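In what follows, a structure is listed as structure tokens, so that the remarks can point back to it.
Every heavy atom of this structure was used, including side-chain atoms; hydrogens, water molecules and symmetry mates were not. What you are looking at is a predicted structure, and each value in this text was computed from that prediction instead of being measured.
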Amino acid sequence: QVQLVEYGGGLVQPGGSLRLSCAGSGFTFHEYAIGWFRQAPGKEREGVSCISGSQIPGMIANYLDSAKGRFTISRDDARNTLYLQMDNLQPEDTAVYYCATDLDDSCSGYGISYDYWGQGTQVTVSS
């Protein structure tokens, strides 16, 4: 079955960096778009970024204005792994971060468009 497992979260000071990973299994990883979302306490889930798969290669969509220039999505299809490099982290980036796919090769910033989700990894930015 489709499985997504995120890891790499943790506690980091403001201005620090983290790289999140999302390992996929149970599907042909390279074919499909995969996205990152986050949900902060008391807030709605929001799209962060999405990257296309091999059917429409090279497309990246970024959904967070606040993350532009700081967050970079990438994928390593040989390792069936999606990444989110997060630099210059700020307290407002504190959230649970999720990866998701809908087993098609289109990106969306809306969580309702995705059927398969990981369990999430906590990112806390605090001094």
Handout entry: Spatial distance of atom OG (Ser21) from atom CZ (Arg75) [nearest 0.5 Å]
Key = 13.5 Å
Problem - Asp77/Arg79 ion pair, N-O < 4.0 Å - result: no
Problem - Side-chain touch Val123/Val125, heavy atoms, less than 4.5 angstrom - result: yes
Problem - Side-chain touch Leu84/Leu82, heavy atoms, less than 4.5 angstrom - result: no
Handout entry: From OH (Tyr32) to OH (Tyr116), nearest 0.5 Å
Key = 9.5 Å
Exercise for the section: State yes or no: are the ring centers of Phe37 and Trp117 separated by less than 6.0 Å? Expected result: yes
Handout entry: Leu89 with Ile73, same ILVMFWY side-chain cluster at under 4.5 Å
Key = yes
Practice task
Would you please test Arg70 and Gln90 for side-chain contact (heavy atoms from CB on, under 4.5 Å) and show each step?
Solution key: CA-CA 10 Å; Arg70 300 190 299 123; Gln90 300 301 315; 4.2 Å; yes
Exercise for the section: Working to the nearest 0.5 Å, report the span between CZ of Arg38 and CE of Met86. Expected result: 8.5 Å
Exercise for the section: Give the intermediate values and the outcome of side-chain hydrogen bond (donor to acceptor under 3.5 Å, both in side chains) for residues Thr81 and Asp76. Expected result: CA-CA 5 Å; Thr81 302; Asp76 184 342; over 6 Å; no
Practice task
For the residue pair Ser113 and Asp102, confirm or rule out a side-chain donor-acceptor distance under 3.5 Å.
Solution key: no
Exercise for the section: Given side-chain contact (heavy atoms from CB on, under 4.5 Å), test Asn62 with Ile60 step by step and report yes or no. Expected result: CA-CA 7 Å; Asn62 295 307; Ile60 289 175; 3.9 Å; yes
Handout entry: Note, Leu20 side chain near Thr121 side chain (heavy atom, < 4.5 Å)
Key = yes
Exercise for the section: Could you tell me whether the side chain of Thr101 and the main chain of Ile34 form a donor-acceptor pair under 3.5 Å? Expected result: no
Practice task
Report yes or no: does Gln39 contribute a side-chain atom to a donor-acceptor pair with the main-chain N or O of Val96 at less than 3.5 Å?
Solution key: no
Problem - Side-chain donor or acceptor of Glu6 paired with backbone N/O of Gln119 under 3.5 Å - result: yes
Exercise for the section: Please test Ser126 against Gln13 for side-chain contact (heavy atoms from CB on, under 4.5 Å), starting from the C-alpha separation and ending with a verdict. Expected result: CA-CA 5 Å; Ser126 176; Gln13 292 186 343; over 6 Å; no
Exercise for the section: Give a yes or no on this: more than 12 heavy atoms of other residues, nucleotides or ligands lie within 6.0 Å of atom CD of Glu92. Expected result: yes
Practice task
Kindly indicate whether the side chain of Cys50, heavy atoms from C-beta on, has any atom under 4.5 Å from the side chain of Trp36.
Solution key: no
Problem - Distance in Å, Ser49 OG paired with Leu64 CG, rounded so as to fall on 0.5 Å steps - result: 8.5 Å
Exercise for the section: Report the C-alpha distance between His30 and Asn80 in whole Å, list the side-chain angles of each, state the deciding distance to 0.1 Å, and finish with yes or no for side-chain contact (heavy atoms from CB on, under 4.5 Å). Expected result: CA-CA 7 Å; His30 70 88; Asn80 285 3; over 6 Å; no
Exercise for the section: Check whether any side-chain heavy atom of Leu103 lies under 4.5 Å from a side-chain heavy atom of Asp115, and answer yes or no. Expected result: no
Fill in the blank from the handout: So CG of Asp93 and CG of Leu18: to nearest 0.5 Å the spacing works out to 10.0 Å
Handout entry: Closest heavy-atom pair and its distance - Ser54, Pro57
Key = O-CD, 3.4 Å
Practice task
Please lay out, stage by stage, how Ser52 and Asp105 fare under the test side-chain hydrogen bond (donor to acceptor under 3.5 Å, both in side chains).
Solution key: CA-CA 6 Å; Ser52 63; Asp105 209 7; 4.7 Å; no
Completion exercise
Scanning both residues in full, the closest heavy-atom pair of Asn88 with Ser17 reads N-OG, 4.2 Å
Handout entry: Non-hydrogen side-chain atoms of Cys107 and Tyr63 separated by less than 4.5 Å
Key = yes
Practice task
Check the side chains of Arg19 and Tyr83 for a donor-acceptor pair under 3.5 angstrom, ignoring hydrogens and angles.
Solution key: no
Handout entry: Rounded distance [0.5 Å steps], OG1 in Thr94 versus NZ in Lys43
Key = 10.0 Å
Problem - Val2 reachable from Ile51 in the ILVMFWY side-chain graph, under 4.5 Å edges - result: yes
Practice task
Determine the interplanar angle of the Phe29 and Phe27 rings, folded into 0 to 90°, and report it as parallel if under 30°, tilted if 30 to 60°, perpendicular if over 60°.
Solution key: tilted
